[in-house]
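These notes are about the structure you will find just below.
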Amino acid sequence: MTIATTRPETILGDTAVAINPDDERYKHLAGKQVIVPMVNRVVPIIQDAYVEVEFGTGCLKVTPAHDMNDYEIGQRHKLETIDVFNDDGTMGEAAGFYLGEDRFAVRKKIVKELEAKGHIVKIEDYRNKVGRSERTNAIVEPRLTKQWFLDMKDLAATALKAVDSGEVTFYPKHFWNMYYNWLNEDNVRDWCISRQLWWGQRIPAWYYGEEVFVAETEAAALKMAREKTGKDLALTDLKQEEDVVDTWFSSWLWPISVFDGFETQEELKYYYPTSVLVTGWDIMFFWVARMIMTGYEYGGELLGEDLAKAKGIQPFNDVYFTGMVRDEKRRKMSKSLGNSPDALTLIENYGADGVRFGMMSSGAAGNDIIFDAPIDKETKAVLNESQLCAQGMKFCNKLWNALNMLKGKEVADKPASEENKMAMQWLEYRLSQTVEEVEDHFKTYRLSDALSALYRFIWNDFCSWYLELIKPASGEPMDKETYDRTIDYFGEMMIMLHPFMPFITEELWHNMKERADGEDCVISQYPKIKAYDNTMLQNMEHVREMVTGVREIRNKNGLSPKEAMAVYVKKTDWSEALYTKSGYLGVAKKMGNLSDLQFTETDVDSTVSFVCGTEEYAVFLEQTIDVEAERKRITKDLEHQKGFVNSIKKKLSNERFVNNAPAAVVDKEKQKLLDGEARIKILQDALNNLN
RNA sequence: GAGGCUGUAGCUCAGUUGGUUUAGAGCGCUUGCUUGACAGGCAAGAGGUCAUGGGUUCGAAUCCCUUCAGCCUCACCA
C-alpha cells in the first residue's frame, strides 16, 4: 500500500493504516495486516470515515502519538500509541533507530534509507502549513503528552443559564448566539489548563512514580503521598508538575480577587456584583464566560447566604461588548501589525476631547469600529489623521465660540421680548426631550447614539436656531433674563456632554460664570427628565420648515439673505392660530428675515409658492419669475405627492388591511391620505396659477 | 471543515416589539454667502431598485429560506 507523508520520521511510530470504508480501491484489504518498513511492525488495516478518498493516496498512516486526528482514530480503534521522540525533539528509544538524533536530520536520513530499500514511489514538492511557536518561531509538531484539563460540562451549563435567565445581560444581545454556540453541551470542550512556559503559576500537582497528588501546598501533598504509599517519603521524593496554568486560569478569578475577596469579604460584599463589564467580544470565552463560572462557583460561599440571595452571585449584571477597532482595511489594530495611529500624536492634532469624540461617535454598540486613520500608500505607515477626530475638534471650537458670543454681549436690565420667551420655552422643552433620549441610549449602552443626539441638539438646535433667535441686533444689548437662562441651559448641556468630552466642558463650565470652590462640572447633578409640550415642539418645527422654504427660494433665485422678503400664508384656522394666537410671527420674521408675513385668501401675483405640512406659503419676488423652472419644480413635487397618495389609497382599498390592521394604524393612514390630498390640491392650484 | 456576524447614500454607520407622511445622521460632493460667536463657519441642494432571488403577512430595510460577497472565532490539511 502506498501512503503519503510530510513527516517520514513518524513512520517509526505508525500503528495502523486507515482507509475510507467506501473506497472501492482498498475495500478488499480491510482487516488484513501490513508491515511498516524499517521497524518491520505488523499493523492492521482499519476503516475510518475520517480518511478522505480524494486526498493523497487515500491510505492514511496512523501515528496516534504525533497527530491529533490520528490520536482520535487510535482511540476509536484501540490502537497502540508509540511516542518516538524525546522531550527535546530528538529520536527516542521507542523509535528504535537514530537514537538521540534531531528529528529534522532524521527526516532526511529516513528518506534516503527508504529510497535505498526501494520503498519510495515518488517525491513531490508540497506546500503545507507548519505550526510555529509565537514566541520563538520554532516549528511545533504534535506529540502526545500529559496535560491537565478542567471538566467543563457543569461549569458551561452554569454559565449558559446565567445569561439565559437574564442574571447576566449581554449588550448587544445578539452575542448570546455566539456564546450559546460555544458553551452548549454538544460543543463545549474541556479546558486544557497546562502551559509549557517558564513563568506563571506551576500546577499544584506532585508526582511519586505513577501516583499523583494534588494539594494546596507541597507539605500537604507530601502528607497525602505518605498516607497513600505507607512509606516515609521526603520532599525530594516528589516531583512537582513543571507546566504552569493558563493565564486565564487566574484571570477568571478577577471579579473576586480584585476586591481581595478570597481573603476578606468586606469590599466584596459592598461591590459584588459590579454593574457592568466592558470588554471586547473576542475574549468572550477566554474571559467573560469563565468569570461567570467562577462567580457562581465561589460567590455564594464568599458573600454569605443573605447577600447572595439579595444581590445574586453573578460577577456582573451587564456585559457591554465594544467593537474591535480596525484599520481601513478592516484588520484588527494591533501592536504586532503596527497599524494603529499614535494616540498621543492624534491628541496633539485634535485635542483629547476631539479624539474621544472620534472614537466614541464611531463606536456603535457591538459593531466594529473602522477607525478612519488613513494609511500612506507609499510608506505603508499609518497617518495620524482622522476626519472623525477632526469633527470632534470642530465641535470643541463650536462650543467655545458659542460661549464666546454670549459672553461678548452687553447685558441690559430690560424685560425679555416675546420671541425670546418663546425661544427659551422651546429650548427648555427640546432640552428635556434630549435628556430623555440620551438617557434611553445610555440604558442600552448606545453610547454613539447618545453622543450624536447631544451633538445634533447642541449644534442644530442650540447654536443654529436658538442662539440666532435670541441674538440681539448688532450693537443692541441682551436682556438679563435671557442671558442668565441661556447660561444655565449652556451649563446643563456641559454636564450632559461631560462624560464624552471632559476637558472642554469643565473649562467652559468655569468660564461661563463665577463658580464656588468645588462647584465643578464633573460632580454636578445630571439634568432630570422633565415633561415637555409636544405641540409646541411641532409648531416650532413647522416654522423652521417654513424658514427653510423661504431660504431655498432665496438661494434658487440668487437673492441675498440680507434682503428682507414679504411672505404670504394662506389663511386657515391652523395658520391663523399659529401666527396670531401662538405668537410665532416674530420668530418667523426674525429667522426668515421677512419684511412681513401676511394672511391671504387668494393667490397673489408675482409670488412663488411652496408647501409646508398642509399649509400654503408664497414669497413675493420683485424680479421676473422663471415660469418654466417653477413649473418643473412644482411638477416634480406633485409627482412625488401623487405617488405617495396612490400608495395609501391602495392600502385603504384593501379590505384585508382595513379589517385586520389596528384601528390606530388605519386612522393614521386616513390622515396621511387627507394631508397628501391637501398638498396635491395646493400644488395643483399653484401650477394652474402659473399658466 | 464547524459555527457566528455583517451587506442601507461616494465613505463610515443609525434605523430598538414589522405600521411616525414612499428610508436618517456625520463626513465628502455641488451652489451661494468674507467685517460682530465661529470659513475649523453660515445657508441651501444633489445623491439610495435597503446585496440577490423567493417566502410569510393586510403591510417587510425589519421575520424565514436561497444564492453571492466580506469579516471573525475554533479546528485542521495526511
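Chain A is the first sequence line, chain B the second, and so forth, proteins listed ahead of strands; every chain is numbered from 1.
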Where do N or O atoms of nucleotides 48-50 of chain B meet protein N or O atoms at under 3.5 Å, pair by pair?
none

Between protein and nucleotides 20-24 of chain B, what N or O pairs are separated by less than 3.5 Å?
| residue | atom | partner | partner atom | Å |
| --- | --- | --- | --- | --- |
| B/U21 | O2 | A/R679 | NH1 | 3.4 |
| B/U21 | O2 | A/R679 | NH2 | 2.7 |
| B/U21 | N3 | A/D675 | OD2 | 3.3 |
| B/U21 | O4 | A/D675 | OD2 | 2.6 |
| B/U22 | O4 | A/H640 | O | 2.4 |
| B/U22 | O4 | A/F644 | N | 2.6 |

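In terms of position on RNA chain B, the residue among A/S464 and A/N404 whose nearest nucleotide sits closer to the 5' end is A/N404. Positionally, the nearest nucleotide of RNA chain B for A/D440 lies more toward the 5' end than for the other of A/D440 and A/P662.
Among the atoms of the strands shown, base atoms are found under 4.0 Å from some heavy atom of A/C463. Residue-level contact check: A/N181 touches the backbone only, with heavy atoms under 4.0 Å from sugar-phosphate atoms and none from bases.
The side chain to side chain contact (heavy atoms under 4.5 Å, CB included) test applied to A/F149 returns A/Q147, A/D190, A/C192, not counting sequence neighbours. The side chain to side chain contact (heavy atoms under 4.5 Å, CB included) check on A/E348 picks up nothing, with sequence neighbours excluded. In this view, A/N384 and A/P341, A/D342, A/T345, A/L346, A/N349 satisfy the side chain to side chain contact (heavy atoms under 4.5 Å, CB included) rule, not counting sequence neighbours. Every residue meeting the side chain to side chain contact (heavy atoms under 4.5 Å, CB included) condition with A/N660, not counting sequence neighbours, appears here in chain and number order: A/R656. The salt bridge (charged side-chain N to carboxylate O under 4.0 Å, His left out) check on A/R356 picks up nothing, with sequence neighbours excluded.
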- Taking protein heavy atoms under 4.0 Å as touching, what does nucleotides 25-30 of chain B look like 5' to 3' if B marks base contact, S marks sugar-phosphate-only contact and - marks none? SSSS--
- Task: Summarise how protein sits on nucleotides 69-78 of chain B as a single string, 5' to 3': B when a protein heavy atom is under 4.0 Å from the base, S for sugar-phosphate-only contact, - for no contact.
- Result: ---SSS-SBB
If you look only at distance, which donor and acceptor atoms sit under 3.5 Å apart when one is on a side chain in residues 7-15 of chain A and the other is two or more places apart or in another chain?
| residue | atom | partner | partner atom | Å |
| --- | --- | --- | --- | --- |
| A/R7 | NH2 | A/H66 | O | 2.5 |
| A/E9 | OE1 | A/R107 | NE | 2.9 |
| A/E9 | OE2 | A/R107 | NE | 3.3 |
| A/E9 | OE2 | A/R107 | NH2 | 2.7 |
| A/T10 | OG1 | A/R7 | O | 2.7 |
| A/T10 | OG1 | A/K61 | NZ | 2.7 |
| A/D14 | OD1 | A/K61 | NZ | 2.9 |
| A/D14 | OD1 | A/T63 | OG1 | 2.7 |
| A/T15 | OG1 | A/E80 | O | 2.9 |

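A straight line from CH2 of A/W465 to P of B/C38 spans 21 Å, rounded to a whole angstrom.
Consecutive Watson-Crick or G-U pairs involving RNA chain B, each under 3.5 Å on both distances, make up stems of three or more pairs at B:1-7 with B:68-74, B:10-13 with B:24-27, B:29-33 with B:41-45, B:53-55 with B:63-65.
Taking the C1' atom of each, B/C63 and B/G70 are spaced 24 Å apart, rounded to whole Å. With both ends at atom C1', the span from B/A61 to B/G7 equals 12 Å, rounded to whole Å.
Identified under the salt bridge (Lys or Arg N to Asp or Glu O under 4.0 Å) test for residues 400-410 of chain A, with sequence neighbours left out: none.
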